[in-house]
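The chain is numbered in sequence order, starting from 1.
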Amino acid sequence: MKKYTIKSNEDHPHDSYQRIAEDFDGSWDGTEMMIDNDDLKLQITSFEYMNEMYVGHLKMNSNTQIIYSNVPNKDRNFVILRIGYSGAYSKKDKFRRFNHDGIFLYNANQLFNIEYPFQISCQWITIRFPLEAFDFFDEDGNSKLKELLSVKGDWFHYFTLTPKIEGYVNELVKASTNKTKRKFSFFARALDILGALKEKMEKGQMTKSNIKIHPEDFSSMVLLKDKILANFTEPPNLNDLSFELGMSISKLNRNFKAVYQLPILQYFNQHRTEETYRQVKYSDKSLTEIADDLGYSHVGHLSRTFKKHFGYAPSSIRGTLQ
């Protein structure tokens with residue numbers, strides 16, 4: 001397997017884009033990158049805005065093991081937000097692998113490596129900004145998000161992806177092909193995402209994890225999360241999972257909650273409800289078909305669960321897509 005490592009810093013991402021384009025015989029014009037060969041297929045659209053804020057959309061499939069090694073710039077406090085990212089985050093002896101369904105928020109002033117997925121098609125958006133850029137938009141100045149972003153030292157947080165934020169992400173991705181307005185749209189949707197994240201945190205509605213368990217237990221919980229979300233037709237069987245992982249049900253739920261802030265069954269039910277939202281809004285399937293596909297006992301069960309979680313009936317968002 002070919003291996004490629006690039007050392008750079010997150011506060012000037014366009015410098016690393018230029019080097020990657022050169023190393024893989026691609027093109028980078030300051031806004032768009034295109035690499036298309038046997039080693040790497042990579043498309044990037046990225047804009048730099050005032051006060052060194054960057055917003056980008058990236059699509060990749062690589063036959064090369066690509067590792068990004070961050071070299072922090074201690075002079076400024078930069079914050080990175082990635083959504084839809086697939087890959088791994090490692091630091092010393094800790095190795096953390098994620099898939100496509102989360103929000104990753106971390107500071108740039110720390111040493112870390114990001115290993116990008118190998119032979120897997122993936123895409124993600126990135127929002128990079130210095131802390132003073134957030135201060136400009138944060139009217140009250142003492143929000144929970146500002147408190148989180150202002151923490152000194154090393155930190156790396158995972159959040160679940162809410163339907164509202166996912167909607168803004170989808171709008172940003174769609175805008176990447178419209179050269180007439182995409183620079184406006186990228187900036188607007190990035191602010192929408194940060195605003196929605198702040199709003200959810202103030203209301204205590206974001207599931208946040210700053211991982212503080214043994215790396216092996218963490219790895220087990222991430223794999224478990226992938227397993228239970230792969231099939232919504234049957235809720236997780238805690239007895240089977242306890243036996244499979246060789247730990248008691250109490251320890252199983254304790255470790256899972258340490259990462260995802262919820263016990264296993266509550267986490268499963270929350271994500272099934274959010275998947276229901278996506279299918280109701282973005283698919284042509286009937287509510288009965290969705291209920292069958294997602295393991296609800298009947299369509300009334302789906303409707304009651306949906307309304308309890310979101311505050312309105314699923315029928316109210318039909319026909320609102322696009």
Side-chain angles (χ1 to χ4, degrees), residues 59 61 83-86 97-104 117 120-125 158-174 193 196 200 205-207 209 220-245 249 252-253 256-257 259-322:
K59 296 173 64 177
N61 191 310
I83 304 177
Y85 172 76
S86 177
R97 186 171 296 280
F98 299 94
N99 66 7
H100 287 53
D101 65 348
I103 300 170
F104 307 92
I120 297 174
S121 295
C122 58
Q123 62 177 318
W124 64 96
I125 69 164
Y158 164 86
F159 298 84
T160 56
L161 183 59
T162 67
K164 184 174 185 178
I165 294 177
E166 184 179 34
Y168 291 138
V169 173
N170 290 338
E171 290 174 14
L172 191 154
V173 171
K174 289 178 183 177
I193 290 167
K200 291 290 186 181
Q205 296 175 343
M206 292 300 297
T207 300
S209 174
S220 296
M221 293 305 101
V222 171
L223 293 174
L224 174 59
K225 182 265 296 181
D226 293 343
K227 180 177 182 178
I228 67 176
L229 296 186
N231 180 11
F232 285 109
T233 59
E234 292 287 341
N237 186 306
L238 297 185
N239 287 320
D240 290 347
L241 294 174
S242 173
F243 178 79
E244 180 182 332
L245 295 174
I249 291 178
L252 182 65
N253 268 319
F256 195 89
K257 189 174 181 180
V259 179
Y260 299 109
Q261 300 294 292
L262 290 172
I264 292 170
L265 291 177
Q266 289 185 36
Y267 184 87
F268 171 84
N269 288 330
Q270 174 180 305
H271 278 263
R272 182 171 66 170
T273 306
E274 291 175 353
E275 178 61 23
T276 304
Y277 181 101
R278 295 182 186 98
Q279 293 202 22
V280 170
K281 185 168 185 177
Y282 298 113
S283 80
D284 295 325
K285 292 191 294 185
S286 69
L287 294 183
T288 300
E289 289 173 319
I290 295 172
D292 289 341
D293 291 346
L294 298 182
Y296 292 99
S297 55
H298 49 77
V299 70
H301 179 203
L302 179 154
S303 295
R304 287 196 304 272
T305 302
F306 189 99
K307 188 170 184 178
K308 182 178 179 180
H309 186 85
F310 294 109
Y312 45 83
S315 57
S316 67
I317 62 170
R318 286 248 114 153
T320 61
L321 61 162
Q322 270 66 288

CD1 on Ile228 to NE2 on His271, rounded to 0.5 Å: 8.0 Å
Minimum heavy-atom distance between Ile317 and Tyr312, given as atom pair plus value: CG2-CE1, 3.7 Å
From CA spacing to verdict: side-chain contact (heavy atoms from CB on, under 4.5 Å), Phe232, Thr276: CA-CA 10 Å; Phe232 285 109; Thr276 304; over 6 Å; no
Closest non-hydrogen atom pair, Asn231 against Thr233: OD1-OG1, 2.6 Å
Approximate separation, where rounding is to 0.5 Å, of Glu274 CD and Phe306 CZ: 10.5 Å
Greater than 12 external heavy atoms within 6.0 Å of Lys307's NZ: no
Within 45° cone and under 6.0 Å: Arg272 NZ/CZ vs Tyr296 ring: yes
Expected output: side-chain Gln266 to main-chain Pro263 donor-acceptor under 3.5 Å: no
Partner residues of Glu166 under the side-chain hydrogen bond (donor to acceptor under 3.5 Å, both in side chains) criterion, sequence neighbours left out: Arg278
Distance in Å, Leu294 CG paired with His301 NE2, rounded so as to fall on 0.5 Å steps: 11.0 Å
Minimum-distance pair of heavy atoms, taken over all atoms of Pro314 and Leu302: CG-CD2, 4.1 Å
Phe243 CZ to Ile249 CD1 distance, which is reported to the nearest 0.5 Å: 13.0 Å
Contact summary for Phe256 and Leu262, nearest pair of heavy atoms: CD2-O, 3.2 Å
Check against side-chain contact (heavy atoms from CB on, under 4.5 Å), Tyr267 and Lys257: CA-CA 9 Å; Tyr267 184 87; Lys257 189 174 181 180; over 6 Å; no
Non-hydrogen side-chain atoms of Ile103 and Ile193 separated by less than 4.5 Å: no
Value rounded to 0.5 Å, distance of CZ in Phe104 from CD1 in Ile83: 9.5 Å
Glu275-Gln279 side chain donor-acceptor pair, cut-off 3.5 Å: yes
Euclidean distance, Phe268 CZ relative to Glu234 CD, rounded to 0.5 Å: 8.0 Å
Heavy-atom closest pair, residues Asn253 and Ile264: OD1-N, 2.9 Å
Shortest non-hydrogen contact between Thr288 and Val299, atoms and distance: N-CG2, 4.1 Å
